[in-house]
There are 2 protein chains.
Amino acid sequence: MSNKTNDMIRYVAFRLFVEVGYEATNIRDICEEVDIKPSSLYFYYKSKEDLFFSIYDEVWEDKINVLNNVVELKHNISPSMKLYFLYKRLMEYYSENIIKMKFLLRYHLFPPEDVAATIRDKYREWSNKEDRVIEEIIIQCIERNILPYDRDLKDYVHEYKTFERGQLIEIIISNIRKEDREIDNSWLRFWNCSMSNSV
Amino acid sequence: MSNKTNDMIRYVAFRLFVEVGYEATNIRDICEEVDIKPSSLYFYYKSKEDLFFSIYDEVWEDKINVLNNVVELKHNISPSMKLYFLYKRLMEYYSENIIKMKFLLRYHLFPPEDVAATIRDKYREWSNKEDRVIEEIIIQCIERNILPYDRDLKDYVHEYKTFERGQLIEIIISNIRKEDREIDNSWLRFWNCSMSNSV
DNA sequence: GTCTATAAGAGGATAGAC
DNA sequence: GTCTATCCTCTTATAGAC
């Protein structure tokens, strides 16, 4: 269902969910900003929780699409460059969508009690899709001897995700776009110090 | 003011503030667990906000004490080792006090609207104390040519704090104590790749 | 689809007795 | 210090008219 009222509800709710949080966001405030009465919102969503998860899934879907687009576009280049381009594209995406990333970080780190269980389930599902993309690229790196095979696949994936999360959190906390040079420097340090050198 | 009831109030409130958050923590729930009536809590604290900040300051004070203890104990060793021991001690402290660190992370990243301004002010004050300790050690490193002087002091401090925050977040997210070997490996990567080599 | 009206309950906080 | 009793406000959600 997509019309002007609904789009507006989703936009306002998303912003409030990020900035003041699920518990402190109330239906009245959303509706006031959209300029409708609370009862009208319940025509589109059966509850606050329903509205929340509708937005939650949309944010994840958007992120996964970015991953898939990179893999699709770069399918015929070397796997190490593929991982590099994936990383670069994500840094760009994070910088342009800080608020979406803040949303995910907020609800994964500090889920409200009454939606915590559902968040955990949905998170597991979505992040599995994410992991599979990374895994596939790293498998290719190992197979072609670009990465030493004396280290576990899971280990490499964890190393990459930790690195990427660190960069993401820097972007969220500093709230500014990082420079290209800085992004590349971080990559080189990561690739040379954390991945290629076995510890 | 310290007696059994008050200690219990603080303990329960702290736990709820971390786990379910400020907004979702209500006076009735705290009091039920402490086994007192809500009106009794207001004998100790004039408001929910008052209770919160009393705990907030205590958590910070505890952390700053750890920093000062290290500096005091290691005042006569080389500054690079001093920074190393500071880092080691903090990792130990973080691992043993994950819940306290989760508390600080939660309210610095996502402060509730009605206490956000006060948190920001208090945060600035406390983290300044923290920065001065780090700064002093790094100044010594630069003066003794342990760290290249072609890089800015602020730059080094930022580099260290970013590194330390990354480690902290890994501990909070994984929720497990890191092994000594892993902690040392991270340090070496940080010291050799991020600090000594100018970029 | 959007409204008015309102149910039903939870929340922070206080007055005043003991 | 701790209690009983209560005030007042805010919140999600629904019934039913238009």
Side-chain angles (χ1 to χ4, degrees), chain A residues 1-57 103 106-107 110-119, chain B residues 1-57 103 106-107 110-119:
Chain A
M1 170 152 24
S2 173
N3 65 43
K4 228 172 174 179
T5 304
N6 188 25
D7 289 347
M8 193 68 180
I9 291 171
R10 298 175 69 78
Y11 171 74
V12 172
F14 169 66
R15 241 199 38 237
L16 290 175
F17 283 151
V18 179
E19 267 147 37
V20 314
Y22 181 80
E23 290 104 328
T25 296
N26 63 54
I27 307 287
R28 276 180 174 78
D29 289 346
I30 298 173
C31 291
E32 197 165 335
E33 210 169 318
V34 179
D35 201 31
I36 55 170
K37 298 294 164 186
S39 46
S40 299
L41 186 145
Y42 285 94
F43 171 76
Y44 297 94
Y45 303 95
K46 74 173 208 289
S47 65
K48 186 178 169 181
E49 195 176 320
D50 185 31
L51 172 59
F52 175 80
F53 282 113
S54 168
I55 291 169
Y56 179 87
D57 282 333
F103 176 91
R106 172 166 208 147
Y107 293 104
F110 308 111
E113 232 181 356
D114 43 332
V115 289
T118 311
I119 288 180
Chain B
M1 169 154 20
S2 174
N3 65 41
K4 228 172 173 181
T5 304
N6 189 25
D7 289 348
M8 193 71 178
I9 291 172
R10 299 175 70 78
Y11 171 74
V12 172
F14 169 65
R15 240 199 40 237
L16 290 175
F17 283 151
V18 179
E19 266 148 37
V20 313
Y22 180 80
E23 290 103 330
T25 297
N26 64 54
I27 306 287
R28 280 179 172 81
D29 288 346
I30 298 173
C31 291
E32 196 166 334
E33 210 169 319
V34 179
D35 201 31
I36 55 169
K37 298 294 164 187
S39 47
S40 300
L41 187 145
Y42 286 94
F43 172 77
Y44 297 95
Y45 303 95
K46 75 173 207 289
S47 65
K48 186 178 170 182
E49 194 176 321
D50 184 30
L51 172 58
F52 175 80
F53 282 113
S54 169
I55 291 170
Y56 179 87
D57 282 332
F103 176 90
R106 173 166 207 146
Y107 293 103
F110 307 111
E113 231 181 355
D114 43 331
V115 288
T118 311
I119 288 181

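Keep in mind that what you see is a predicted model, and the values were worked out from it rather than measured. In what follows, every chain begins at residue 1, and chains take the letters A, B, ... in the order their sequences are listed.
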**Report entry** Residues forming a side-chain hydrogen bond (donor to acceptor under 3.5 Å, both in side chains) with B:N26, sequence neighbours excluded
**Finding:** B:D29

Requested in this report: Return the value, rounded to whole Å, for the distance between atom CE of A:M8 and atom P of C:dT2.
Outcome: 13 Å

Query raised in the report: Hey, what bend do you get for the helix from C:dG1-D:dC18 to C:dC18-D:dG1 if you fit axes on five pairs at each end, rounded to 10°?
Result: 0°

Query raised in the report: Whole-Å distance between C:dG11 P and B:E32 CD?
Result: 11 Å

**Report entry** Length of the NZ-C1' vector between A:K4 and C:dT2, whole Å
**Finding:** 17 Å

Report summary line: Rounded to whole Å, the CD1-C1' distance (A:I36 to C:dT2) equals 9 Å

Query raised in the report: Quick one: does B:I55's side chain get under 4.5 Å of B:Y45's, heavy atoms only?
Result: no

Report task. Tell me, please, which residues at least two apart from A:D57 pass salt bridge (charged side-chain N to carboxylate O under 4.0 Å, His left out). Result -> A:K122

Query - Nucleotide C:dG11, atom P - distance to CG of B:D29 in whole Å - result: 6 Å

Query raised in the report: So, is B:T5 near the phosphate of D:dG1, with a side-chain N or O under 4.0 Å from OP1 or OP2?
Result: no

**Report entry** side-chain contact (heavy atoms from CB on, under 4.5 Å) partners for B:S47, two or more places apart
**Finding:** B:E49, B:D50

**Report entry** Candidates D:dT2, D:dC3, C:dT2 - which lies nearest the side chain of A:S40
**Finding:** C:dT2

Report task. Could you state the atom-to-atom distance from OH of B:Y45 to C1' of D:dG1 in whole Å? Result -> 14 Å

Query raised in the report: Looking only at heavy atoms, which two atoms of A:I119 and A:Y56 are closest? And how far apart?
Result: O-OH, 3.9 Å

Report summary line: Protein-proximity profile, nucleotides 12-18 of chain C, B/S/- by nucleotide at the 4.0 Å heavy-atom cutoff, equals BBBB---

Report task. For B:E33, enumerate each residue passing the salt bridge (charged side-chain N to carboxylate O under 4.0 Å, His left out) test, keeping only those at least two apart in sequence or located in another chain. Result -> B:R15

Requested in this report: Please name all residues satisfying ring pair (Phe, Tyr, Trp, His ring centres under 6.0 Å) with B:F17, sequence neighbours left out, ordered by chain then number.
Outcome: B:Y22, B:F52

Requested in this report: Round to a whole Å and report the spacing from CD1 of B:I9 to P of D:dG1.
Outcome: 12 Å

Report task. With sequence neighbours left out, write down each residue that passes side-chain hydrogen bond (donor to acceptor under 3.5 Å, both in side chains) with A:T25, or none if nothing qualifies. Result -> none

Query raised in the report: Can you name the residues that form a side-chain contact (heavy atoms from CB on, under 4.5 Å) with B:F110, not counting sequence neighbours?
Result: A:K102, A:L105, A:R106, A:F110

Report task. Take atom CG of A:L41 and atom P of D:dA15, then tell me their distance rounded to the nearest Å. Result -> 17 Å

